[in-house]
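Okay, so here's the structure we're looking at.
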Amino acid sequence: MSFFRGLSNLSKLRSRVGEQSCLSSSVRWIQMQSSSSLDLRSELQELIPEQQERLKKIKKEYGTVQLGNITVDMVLGGMRGMTGLLWETSLLDPEEGIRFRGLSIPECQKLLPAASPGGEPLPESLLWLLLTGKVPNKEQVDALSAELRERASIPDYVYKTIDALPITAHPMTQFSTGVMALQVQSEFQRAYEKGIHKSKFWEPTYEDCLNLIAQVPVVAAYIYRRMYKNGQIIPLDDSLDYGANFAHMLGFDSSQMLELMRLYVTIHSDHEGGNVSAHTGHLVGSALSDPYLSFAAALNGLAGPLHGLANQEVLLWIKSVVDECGENISTEQLKEYVWKTLNSGKVVPGYGHGVLRKTDPRYSCQREFALKHLPNDPLFQLVSKLYEVVPSILLELGKVKNPWPNVDAHSGVLLNHYGLTEARYYTVLFGVSRSLGICSQLIWDRALGLPLERPKSVTMEWVEKFCKKGA
Ligand SMILES: CC(C)(COP(=O)(O)OP(=O)(O)OC[C@H]1O[C@@H](n2cnc3c(N)ncnc32)[C@H](O)[C@@H]1OP(=O)(O)O)[C@@H](O)C(=O)NCCC(=O)NCCS
């Protein structure tokens, strides 16, 4: 891109930001760092050497600096609060929520190119940001959209593998199986077998990751149409962007649903590295398993009800409230229903978080979408009522660290409104989105030469002896 086009891009970005005075310094940095290359791979190629040097310098200068203390509670408590993992693409603040390469969700909505002015960010633009730390211009994003469409073809054996499963198999089982079948194509695996030098690992990883990101919506849509629409497959549309194409292949073409899908894919893409799916992808990748193997493993973690399956659980739970009490449920009835759920030994799905201590900004932006497009939807109104009722009840329990809603508390009612009513399928949508974040980090894992992950484990006996010695 020419210097002048670069400057005009920069000024466009600035004018979109307007008079906002509260932009963080990282946003300003990103504005100054707007992308210059039309091709994502070339952009990355330029960035890698400087980031490799940066990591070397950090190791050399700060290698012995302590980042915290490990307590027995942390070891027994699922490693909460233990800093132990490098993850470049995003960072989660307990109070403020997620920042993708320094940009909050509202900042992404302002700065990243959209399909039409003022619309939701295009997921491709977020992918560019996650991979490079730079805000792309529309031309770069359009080129990436086209590249992803070109990479989206699926070998027939992938469909046959999925078809070998009963149609009643959980959609996440079918999805993970489909990704495993795609693995047959892995360029990283082929290159490794041929003896590729480790300094070049990132290159076939990049190819696998871009292919995988391009392919997963097609596989996911196949599963949806197989399960719920008599196998009538809708092919990719060459004129549509990534998020819109996904909605289109699922069978939803209203302009609001296309916008919803762009927003959905963007906000579900990444949530720093410690969550189950991201961490699993990184862990499996650290054994130099290729991106398909790593991502399939991540999906299997996402399929758990305490993680990505919660979006399915939320809609089913909300529907069970309506079935039992009707849509015009009173606040008292709703409180009773929440207590009934808790007293039967279940969690209230969509509330609580391992890191967040405030309402998830991914929840808030979905609420804004609903207020704009579907304010009178009865299930949206129920979701709003739950927000007034659930937190105080969870606080009353006395043990819940975060009583506020997370991303999953809201997504289902939006999808349901536009006709995507099959809640069991929802985690697949989450999985497609996660390919953007997990794959971006996998590329950097290989580019930075991050090592095999291998934390130390101990037995209860070891803990007892160690603590008695220290007491
Ligand atoms: C997300 C979640 C797994 C985080 O777990 P965590 O980090 O262990 O959370 P906490 O430290 O607050 O948990 C402390 C206790 O409160 C309980 N708790 C937390 N959130 C709860 C909820 N929404 N409903 C009922 N109980 C909850 C935990 O189960 C735990 O109980 P225990 O000590 O009897 O095992 C948890 O909040 C949860 O199960 N939420 C519902 C599922 C969900 O929405 N998942 C999607 C997350 S994005």
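Just so you know, ligand 1 is whichever comes first in the structure, and atom 1 is the first atom listed for that ligand. The residues of the chain are indexed from 1 along the displayed sequence.
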| field | Within 6.0 Å of CG in Asn343, more than 12 heavy atoms from elsewhere | value | yes
| Neighbour count above 12 (heavy atom, 6.0 Å) for Asn328 CG | no
| field | Where at least one partner belongs to residues 407-426, residue pairs that pass salt bridge (Lys or Arg N to Asp or Glu O under 4.0 Å), sequence neighbours excluded | value | none
| Listed partners of Thr266 passing side chain to side chain contact (heavy atoms under 4.5 Å, CB included), at least two apart | Pro121, Pro123, Leu126
| remark: Taken in chain and number order and not counting sequence neighbours, the residues that satisfy side chain to side chain contact (heavy atoms under 4.5 Å, CB included) with Lys346 are Thr341, Ser344
| query | Any idea how His268 and Tyr264 line up, ring-wise: parallel (<30°), tilted (30 to 60°), or perpendicular (>60°)? | reply | parallel
Does ligand 1 have any N/O atom under 3.5 Å from a protein N/O, and what are those pairs and their distances?
unit_1, atom_1, unit_2, atom_2, d
ligand 1, 7 (O), Arg80, NE, 3.0
ligand 1, 7 (O), Arg80, NH2, 3.0
ligand 1, 8 (O), Arg80, NH2, 3.2
ligand 1, 11 (O), Lys401, NZ, 2.8
ligand 1, 12 (O), Lys401, N, 2.8
ligand 1, 23 (N), Val348, O, 2.9
ligand 1, 23 (N), Tyr351, O, 2.8
ligand 1, 24 (N), Val348, N, 2.9
ligand 1, 31 (O), Lys399, NZ, 3.4
ligand 1, 34 (O), Lys399, NZ, 2.8
ligand 1, 40 (N), Tyr351, O, 2.8
ligand 1, 44 (O), Gly350, N, 2.8
ligand 1, 44 (O), Asn406, ND2, 3.0
ligand 1, 45 (N), Leu306, O, 3.0

